[in-house]
Amino acid sequence: MSKKYQQISPFVLEGRFLGFEIEDGFKIKRLNLATAEGEYCIKLAKEAKASVRGVLTPGDWLIITGEKRINLETDEVRYKAYLIRQTSPAQGFAPCLPVPATPAKAKPQATILVCQKSDCMKRGGKAVCQALQAELRDRGLQDQVTIKMTGCMKQCKEAPNLVVMPGKTRYSRLQAADVPALLDQHFPQPTTPAPTSPELVPAH
């Protein structure tokens with residue numbers, strides 16, 4: 001839309017990080033923020049994405065600076081972040097915010113780090129991410145295990161690579177079909193025994 005139909009102004013928001021909106025299984029597109037005024041869905045500029053990838057955890061307190069655009073024809077408001085900083089909540093301000101999850105689930109108990117560099121993505125990393133998201137959701141583990149995209153793990157010839165935390169167990173040349181067996185090993189479900197899943201051997 002032509003800029004003459006838009007009102008553009010800077011904004012600064014402070015609040016609690018709720019999570020990212022992911023596209024194509026691994027691309028960070030937007031950030032959700034809970035403030036005293038309500039929840040905001042904020043698009044991330046390229047430089048903002050680079051500053052937060054693999055760094056933020058739901059519940060972190062942020063100050064976000066960016067650009068606010070108002071469509072003068074539809075009154076639609078869009079936010080785009082250029083600078084994101086972690087901070088501490090102002091005294092007396094935090095209790096007013098909505099809490100995105102119960103205290104027991106506020107911070108995931110485990111993390112799966114997935115290399116998002118081009119070699120890993122081209123060799124099956126994208127499909128691995130999508131399979132992880134689907135399996136965690138199907139098993140009801142999405143509140144206990146979080147997926148974080150990381151920089152290069154220095155094992156490009158063995159791509160794709162991922163690390164299961166805690167424990168720092170690394171897997172290389174992993175494919176989407178291996179995801180169920182990996183989750184069976186690290187996050188076994190007592191009510192659903194996994195009889196014949198092949199055991200995955202961690203990379204060394």
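Taking 4.5 Å as the limit, every side-chain heavy atom of I112 sits out of range of all side-chain heavy atoms of K148. Taking 4.5 Å as the limit, every side-chain heavy atom of I64 sits out of range of all side-chain heavy atoms of L83. Contact of the Q6 side chain with the I70 side chain is not registered, since no non-hydrogen atoms from C-beta on lie closer than 4.5 Å. The closest side-chain heavy-atom distance from I22 to I28 is below 4.5 Å. In this structure, the side chains of L62 and E14 stay at 4.5 Å or more apart for every pair of heavy atoms. Side-chain contact between P10 and K68 is absent, with no heavy-atom pair separated by less than 4.5 Å. A 4.5 Å side-chain heavy-atom check between T111 and V145 finds every atom pair outside the cut-off. The closest side-chain heavy-atom distance from L13 to I42 is below 4.5 Å.
Contact check on E67 versus K43 returns no salt bridge, with no Lys/Arg side-chain nitrogen under 4.0 Å from an Asp/Glu carboxylate oxygen. Checked for salt-bridge contact, E47 and K49 miss the test: no charged N lies under 4.0 Å from a carboxylate O.
Atom NZ of K80 is separated from atom CZ of R69 by 7.5 Å, given to the nearest 0.5 angstrom. Separation of atoms CG (D60) and CG (L33) is listed at 11.0 Å; rounding is to 0.5 Å. Here the straight-line distance linking atom SG of C120 with atom CZ of R173 works out to 11.5 Å at 0.5 Å rounding. A distance of 10.0 Å separates CE of M149 from CG of L162, quoted to the nearest 0.5 Å. Note that CG of L31 and OH of Y79 are 13.5 Å apart. Values are rounded to the nearest 0.5 Å. In this structure, D178 CG and D184 CG are separated by 12.0 Å, a value rounded to the nearest 0.5 Å.
Residues F20 and L56 come closest through the heavy atom pair CZ-CD1, 4.0 Å. Counting all heavy atoms, side chain and backbone alike, G151 lies closest to C115 at O-SG, 3.8 Å. Closest heavy-atom contact between C156 and R123: O-NH1, 3.3 Å. Across all non-hydrogen atoms, the minimal contact from P180 to E135 is CG-OE2, 3.9 Å. Closest non-hydrogen pair, C129 versus I147, comes out as O-CD1, 4.4 Å.
Using modelled atom types and a 3.5 Å distance limit, the side chains of Q142 and R137 yield no donor-acceptor pair.
Linking ILVMFWY side-chain heavy atoms closer than 4.5 Å, directly or via other members, places Y171 and L136 in a single hydrophobic cluster. In the hydrophobic clustering of this structure, V164 groups with L174; members are Ile, Leu, Val, Met, Phe, Trp, Tyr whose side-chain heavy atoms approach within less than 4.5 Å, directly or through other members. By the criterion of side-chain heavy atoms lying less than 4.5 angstrom apart, applied directly or through intervening Ile, Leu, Val, Met, Phe, Trp or Tyr residues, V128 is not grouped with V163; the two fall into different hydrophobic clusters. Each of M165 and L141 belongs to its own hydrophobic cluster when Ile, Leu, Val, Met, Phe, Trp and Tyr are linked at side-chain heavy-atom distances under 4.5 angstrom. Clustering ILVMFWY residues whenever any of their side-chain heavy atoms sit less than 4.5 angstrom apart, transitively, puts L18 in a cluster other than the one holding I63.
Partner N161 forms a side-chain contact (heavy atoms from CB on, under 4.5 Å) with one of K117, R170, K154 and no other, that one being R170.
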Chi angles and distances behind the side-chain contact (heavy atoms from CB on, under 4.5 Å) call for T35, E39
CA-CA 6 Å; T35 74; E39 293 186 13; over 6 Å; no

